[in-house]
Structure formats: structure tokens, C-alpha cells
Amino acid sequence: MNDPDDLERRVAARPSAFRILTGDRPTGPLHLGHYFGTLANRVRLQRAGVELFVLVADYQVLTDRDVADRLEEHVLGLVADHLAVGVEPSTATIFAHSAVPALNQLMLPFLSLVTDAELRRNPTVKDEIQNSRQASVSGLMLTYPVHQAADILFCKANLVPVGRDQLPHQEITRTVARRFNERYAPVFPVPEALLSSAPVLLGTDGRKMSKSRGNAIALSASEDETARLLTRAKTDADRHIAYDPENRPEVANLVLLAALCQDRDPHDVAADIGAGGAAALKKTVIESVNEFFRPIRERRAVYADDPEQLHRILAEGNAHARAVADRTLAEVRTAMGMPY
Ligand code: TRP
């Protein structure tokens, strides 16, 4: 692994030398965990001058289920989420990988560069197989990390902000880039992973915040819905509020959420509440979340009311991604002796 501080320094020194590719599966609305875990970081890096490609990974939805439900709604929702948090579409490329044929075509040569043993031992894939909704394991489940390499390498991204679970995929991408360059010609950068330094936000039940667990607060949730979800959140019997993630994870998580929204140290937030108990804690969290996300939610509502604009921004992103992918595929075919 690279040193994250060193990488941050290199990015700050020369942002224009970096291109980021990052993305999400369109399986539902993005939530507060996404915001503090990665979305805020994407916006920060874009504002620092790094070029940003935001992928809506629609084909990847089919890794663990037979059918991708309400795809168009989720895809446009992801676009709206990104615009609402401040991704600037005039410089970022927001696109869906199904709309970029040349990206998908890279999957073929890339598959030839990895062994079946490498695919089978990927711990994130193993975990997803365990939790899959399907009775059997599809070929896509096993090979999607190679498709993800195509997502990243088609635009020659050299920086990929990821959570820990994505590191095995990142290694496959680096392996594919290195092997292609050695076997054929030096076409690809070997991209670096940028691990988020943000603490992990749990859901309202104290487990990992996740769209599928029903424990998430969506960016798009209303203030009432936010209050309802947080009022129901799990706490414990100790009236004295403290920030102790080790021993009191549910309470600590609510304290952390308030602290992130207030941009304060969680220990100070907890100290302010002190003996006020869970009720005072929840009141603080609800107010903090609703206040912090109010402008984001207002912007999101404006975009959500204008699906034509969302379609247009996505169409422009798709067109740009296609142009980039066509160029890369041409280089790949030339390197492989297929210039005909
Ligand atoms: N696997 C990522 C997720 O489940 C989504 C994704 C697809 C992605 N392609 C990517 C992330 C390329 C980073 C880079 O959230």
C-alpha cells in the first residue's frame, strides 16, 4: 500500500497530474455513509483541481441478482446525488458504463491477463458470493473485478478513491495494467488507491450503513424522515453520553454523525450532551443532520424536479466517456497487433 499522506501531498502539489475514476452501483439512493465516506472527498479533490470521472456502474448491479430493478430511477438518482453534493458537471464526466461500448470491449483482452485462481481468491468477491441473492455464482460475479479494471483504465485514471473492501479489486486493476504494458506496449498508468481517512459511519441499527439493510438515511430523505429514522436508532441504557466507539458503538456512531455534521471533535459533542441521555443525543443528531444537509437536499430537489436536465448531463458524460474509450481501445488494438 502507498502512504496516504504522501499521496495527498503529491495530489496537492500537482492536481492536474491526476485523474480520478470512482463509481457506485445504481441500487438505490446514496446515503450519509456515502457522503462522509466518499462523496465529500470526491468534491474536495475536484475543487482542488483533479479531473473527475464518476461512473454509474449499471452492469455491475447484475453481479448478485438476476434483474436490476428500477434502473433508470436509480441511475438518475445517482446523478442527482452527485450534482447535489457539489460535483461540477462542466468539468466532471458522469457516465454509465453500459453506454460506453469500447469500455466494455476492454474486458476481453483484460480477462486474458488474469488467472482463474486470481479471480477465485478475491476476498470481496467471496464475501459477496456469501451474501448473494442468487442460488449460483454467475460468471459476472467472478469476473466483474476485471470489468472494474476496464472502468478505471479506459480513461487512464491514475487515482481511485476507495473503501477497504475495494482494495482487492484495485490490485486486480494494477495487475491488469502492468501485465498489459509488459506483454504489449506501455498504454496504461498503474493506478493508485486513495483510502478514505473518514471514520466509518454505521446505520441506525449499529451495523454497517447499507442501502439493502434498511438502516440508512438517504441524502434525499426529508427532515421528517430523518427524524423518524434517528429517533428509532439503537442506543444503550447508560444515560451519560460519551464517545466510546469500542464499548458503546451505537451511541458513539450517533455522536460521530453529529460531530461530522458540525465539523467538531466527537468527544466535545459528547461532553456537551453529558448526562442528557439518549433523548438529548438524538435531538442534537437530528438537528445537526437536517441543518448540514438542508442546502444539499434543496439542490437535490431542484435536480430531481428536472429529469430532462439529468438526462442531458448524463448524455454529455456518456458522449465524452465514449470518445475517451474509443481512443484507448484504438491504442489497445494497435498494441495487440489488431490495427485492421
Ligand atoms: N464496486 C464498486 C461498488 O460496489 C463500484 C465500482 C464499479 C467502482 N466500478 C468501479 C468503484 C471502479 C471504483 C472504481 O461500490
Side-chain angles (χ1 to χ4, degrees), residues 18-31 33-39 41-42 45-46 50-65 68 71 74-75 77-79 81-82 87 92-100 103-104 106-107 110 119 122-133 140-177 188-196 198 200-201 208-213 216 317 321 324-325 328:
F18 290 88
R19 177 178 277 183
I20 286 181
L21 179 292
T22 175
D24 307 277
R25 298 178 187 185
T27 51
L30 295 181
H31 53 61
H34 292 117
Y35 182 81
F36 290 111
T38 120
L39 293 175
N41 206 27
R42 296 176 191 178
L45 290 161
Q46 183 183 29
V50 180
E51 190 183 7
L52 187 59
F53 277 68
V54 177
L55 162 72
V56 179
D58 45 4
Y59 276 141
Q60 210 181 91
V61 176
L62 296 172
T63 51
D64 67 350
R65 62 198 82 189
L71 206 45
H74 292 326
V75 168
L78 277 191
V79 177
D81 285 335
H82 280 89
V87 167
T93 303
I94 307 178
F95 71 104
H97 57 187
S98 69
V100 187
L103 179 164
N104 294 297
L106 291 175
M107 173 107 170
F110 287 1
L119 294 175
N122 183 310
T124 298
V125 170
K126 280 191 188 166
D127 196 53
E128 282 172 312
I129 289 172
Q130 284 287 312
N131 295 307
S132 166
R133 306 176 183 194
L140 184 61
M141 172 63 98
L142 221 49
T143 56
Y144 88 82
V146 180
H147 192 235
Q148 195 156 315
D151 294 340
I152 295 166
L153 296 176
F154 93 92
C155 65
K156 303 193 182 178
N158 53 5
L159 193 59
V160 186
V162 285
R164 261 178 208 289
D165 65 318
Q166 296 293 304
L167 288 177
H169 301 353
Q170 187 59 24
E171 266 324 300
I172 290 190
T173 296
R174 291 166 61 84
T175 299
V176 164
F188 295 111
V190 179
E192 297 184 78
L194 181 62
L195 265 184
S196 164
V200 175
L201 207 55
K208 185 179 176 212
M209 195 182 282
S210 142
K211 292 176 239 187
S212 56
R213 289 200 175 122
V324 172
T328 303

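Everything numeric in this text was worked out from a predicted model, so none of it was measured. Each ligand, and each atom within it, is numbered from 1 in the order the structure gives.
In this view, D24 and R42 satisfy the salt bridge (charged side-chain N to carboxylate O under 4.0 Å, His left out) rule, not counting sequence neighbours.
In this structure, R19 is not positioned above the aromatic face of F154 in the sense of NZ or CZ being under 6.0 Å from the six-membered ring centre and within 45° of the axis.
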Pairwise, report which nitrogen or oxygen atoms of ligand 1 are under 3.5 angstrom from protein nitrogen or oxygen atoms, and how far apart they are.
| unit_1 | atom_1 | unit_2 | atom_2 | d |
| --- | --- | --- | --- | --- |
| ligand 1 | 1 (N) | Q60 | OE1 | 2.8 |
| ligand 1 | 1 (N) | Q148 | OE1 | 3.1 |
| ligand 1 | 1 (N) | Q166 | OE1 | 3.1 |
| ligand 1 | 4 (O) | R25 | NE | 3.2 |
| ligand 1 | 9 (N) | D151 | OD2 | 2.8 |

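L30 is listed as a side-chain neighbour of L39, based on a closest heavy-atom distance under 4.5 Å.
Under the 30°/60° scheme for interplanar angles, the aromatic rings of F188 and F110 are found to stand perpendicular.
Using modelled atom types, one finds no donor on one side chain facing an acceptor on the other under 3.5 Å when comparing N41 with S196.
A salt bridge between R25 and E128 is present, with a side-chain N of the basic residue lying under 4.0 Å from a carboxylate O of the acidic one.
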